[in-house]
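Read through the structure below, which is laid out as structure tokens, and then see the notes.
We name chains A, B, ... by the order of the sequence lines, and we start the count at 1 in each one. Just the heavy atoms: all of them, side chains too, but no hydrogens, waters or symmetry mates, feed the values below.
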2 protein chains.
Amino acid sequence: MPPRSTKEISIRDVARTAGVSVATASRVLSKAEYPVAADTRQRVLDAAATLGFVPNAMARGLARSRSDSVGVVMPWTNAYYAAMMSGIEAAARAHGLTMLLGLTNGDEGRREALVAAFLERRVDGILICAAAHDQRLGRGPEEMPVPAVLIGRQPDAGHPIIRTDNVAAGHTAARHLWSLGHRRFAYLTPDDAWYDFRDRRVGMMGFLESAGEPFSVELFDGVRGETDSYRRIADACRNGFDATAILASTDRHALGALAALADARILVPEDKAVMGFDNYITSGFLRPSLTSMSMPATEMGALGVEYLRQAINGDAVPKETILQAALIARQSTGPWRGA
Amino acid sequence: MPPRSTKEISIRDVARTAGVSVATASRVLSKAEYPVAADTRQRVLDAAATLGFVPNAMARGLARSRSDSVGVVMPWTNAYYAAMMSGIEAAARAHGLTMLLGLTNGDEGRREALVAAFLERRVDGILICAAAHDQRLGRGPEEMPVPAVLIGRQPDAGHPIIRTDNVAAGHTAARHLWSLGHRRFAYLTPDDAWYDFRDRRVGMMGFLESAGEPFSVELFDGVRGETDSYRRIADACRNGFDATAILASTDRHALGALAALADARILVPEDKAVMGFDNYITSGFLRPSLTSMSMPATEMGALGVEYLRQAINGDAVPKETILQAALIARQSTGPWRGA
DNA sequence: CTGAAAGCGCTTACAG
DNA sequence: CTGAAAGCGCTTACAG
């Protein structure tokens, strides 16, 4: 492999070829508004094109103290975060920002390492997408030399935050099941340490307690994924599982539950109803199709970048923005035989 | 919002505080191996810590002509690419590389724009993850000032490429269905323009033609997603659909087919078998669970970064690396009543 | 083991 | 409308 030429062609070469100063070349190349004689401008443009000039963003960033980039820290790349990422990327592109992506893979200790790395790269802003379970407080605005925006419920570090009203989502979900006649509920969740899952449960309980009729709730916690969910519900079915409405804290949990019920020959929705959160793209094509609360992941991502841009421009940003989830009713919740 | 202090604390401040030259400060701060007197080193480290020094990666990159970053262009953030991204991010982190991410959203014209943007940022290498349908040739190694690696089948632009043997995957899939007794096949696909989907079909045909017994294949093409897939199979069911083995070019297509069959009261796998590609995380929890060919997406991503690193170091990289998909047999393909 | 100095490629007051 | 020059914050031969 031949060594790549050590000297890149620079704005100085462009200036020389165009017969102008570097200052002028810089102006036509990057200050659209700056007044430059038309023919001078053209000469510079031609020279740049001929030489195949590719401006060096690091040099530019160094000179301007601005990198036109944003750092994004995310826990994983599951469907929920993938949707968020898609919203972030589109908005970043729209604003001419490059997106630096870092994943914590559930190790929230890595979050600070990622933020530090982004800071070395002098990103203009940082987007921190919650791993819902982290109780740790990240650095606050004082220790953060650039604007940061949080997406998803997480400890209040003092940055603007965008999140979904999961209490309301849980409330809506419970009300939907209740309206179909259900009074005996089960709630499937990994852990109360995950804000979103706890909020959904709290919302459910809130509705039930305000409904003014007797009800029961069986809590299944420590449920990690679809496999866990499957096992727990399969076990329950063998031991007189009397809940008729299973509210799963995610569609993936719901999927495990649906599979367990199917294998136990329990009909959905005739015998028991199942409902989840996230409205995974696949959920409408399950049989029975899965009722779910659709989360505004893409919107939160796009809004996060928008806020970041505003903050970078020195504009004010709402301290807390709360979006709502939407009920997508499907076959898994009704018509229910008991109703 | 108070204006952020315009002057960041620099290595010069660290040097001054430590009572050494900038050169020495630089050496202890970024050349671990460089011989520096122990106490001098400590003074620099202390000064840096006290001042809260955060090295400026743009300045560093400018001086070293190296950014320690890689650009990644991806079509979307669906589950397949999300897995790939996860592999890329982990490998990049392991090598101390920052990942810049750009999405084309299916608009392959944007690929070149992304590459150009990455080049301005002077990434050390570029990973181009195929949108399988693009026939356009990207820039070749001559027009690419940094190493590039392609992931996924795409036109040969001359860069090292890592891909999955989809012909073999199609072959394996067909053989699996054949071994269960199926002779009448259907293949569901968006379009032959997508290399992966065409290769899977070609592999299937190759197996069938070599099997030495009569067979039939009904081709469903132009099938875009699960909704399309549902409609097409629902239609077929109404019009004497005689294939017994439905091979879908992705699990999402398979999902639509499964739903259509369920709604038409056609039993899977008793009456017809269904099989897909991708082995989506959910496929094992469908009822019937879905047999699928598992793609090495994460591995391809990780390997891509590995190759990039080698190329950046000037080491040779295999021109073409072909990984294999794995058969994950589940209920949707058997035991089949006809066998 | 340490330092002075040139250089990386751009931008931007400042002066004309 | 244009240019000379200083500066952004680091690295690295070169010399000692």
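Rounding to whole angstrom units, CZ of residue B:Arg12 and C1' of D:dA6 are separated by 12 Å. Distance, A:Leu29 CG to C:dC10 P: 8 Å, rounded to whole Å. Summarising the geometry, the separation between CD on B:Glu33 and C1' on C:dC1 is reported as 16 Å, rounded to the nearest angstrom. Remark: C1' of D:dG9 and CG of A:Leu62 are 5 Å apart, rounded to the nearest angstrom. The CZ atom of B:Phe53 sits 10 Å away from the P atom of D:dG9 (whole-angstrom rounding). Going from atom CZ of A:Arg27 over to atom C1' of C:dC14 covers 10 Å, rounded to whole Å. Atom CG of A:Leu51 is separated from atom P of C:dG9 by 14 Å (rounded to the nearest Å). Regarding A:Asp68, its CG atom lies at a distance of 11 Å from the P atom of C:dT11, rounded to whole Å.
Residues A:Ile128 and A:Leu150 meet the side-chain proximity criterion, which asks for heavy atoms closer than 4.5 Å. Residues A:Leu308 and A:Leu127 meet the side-chain proximity criterion, which asks for heavy atoms closer than 4.5 Å.
Residue B:Ala38 is the one, among B:Ala38 and B:Ala59, whose nearest nucleotide of DNA chain C lies closer to the 5' end (criterion: closest heavy atom).
The shortest distance between the side-chain N/O atoms of A:Thr40 and the OP1/OP2 oxygens of D:dT2 is below 4.0 Å. In this structure, A:Ser30 reaches the C:dT11 phosphate: one of its side-chain N or O atoms is under 4.0 Å from OP1 or OP2. The phosphate of D:dT2 has neither OP1 nor OP2 within less than 4.0 Å of any side-chain N or O from A:Ser21. At the phosphate of D:dT11, neither OP1 nor OP2 sits under 4.0 Å from any side-chain N or O atom of B:Lys31. Side-chain N/O atoms of B:Arg60 include one lying less than 4.0 angstrom from OP1 or OP2 on D:dT11. Of the side-chain N and O atoms in A:Thr24, one or more sit less than 4.0 angstrom from OP1 or OP2 of D:dG3.
For D:dG7, its base never sits under 3.5 Å from the side chain of A:Arg64 at any donor and acceptor pair. Under 3.5 Å, the side chain of A:Arg122 and the base of D:dG9 form no donor-acceptor pair of N or O atoms.
B:Val22 comes within contact range of at least one nucleobase, with a heavy-atom separation under 4.0 Å. Residue contacts shown for B:Ser10 are limited to sugar-phosphate atoms, with no base heavy atom under 4.0 Å away. Residue A:Ala23 is classed as a base contact, given a heavy-atom separation below 4.0 Å to a base.
With C:dT2, C:dG7, D:dG3 as the choices, the nucleotide that has an atom nearest any side-chain atom of B:Ala63 turns out to be C:dG7. Among the nucleotides D:dC10, D:dT2, C:dT2, the one closest to the side chain of B:Tyr34 is C:dT2.
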Check: Could you go step by step and tell me if B:Glu120 and A:Arg60 meet the salt bridge (charged side-chain N to carboxylate O under 4.0 Å, His left out) rule?
Finding: CA-CA 10 Å; B:Glu120 291 197 359; A:Arg60 172 169 232 260; over 6 Å; no
Note to self: As a quick check of understanding, evaluate salt bridge (charged side-chain N to carboxylate O under 4.0 Å, His left out) for B:Arg43 and B:Asp46, giving each step before the final call.
What the structure shows: CA-CA 5 Å; B:Arg43 285 213 311 284; B:Asp46 290 346; over 6 Å; no
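Across all strands shown, C:dG16 pairs with D:dC1; the Watson-Crick or G-U wobble distances both stay below 3.5 Å.
If you run side-chain contact (heavy atoms from CB on, under 4.5 Å) between B:Ile126 and each of B:Val149, B:Val72, B:Leu119, only B:Leu119 comes through.
Comparing C:dA13 with C:dG9, their P atoms are spaced 23 Å from each other, to the whole Å.
Between A:Arg66 and A:Asp124 there is a salt bridge, since a side-chain N of the basic residue sits under 4.0 Å from a carboxylate O of the acidic one.
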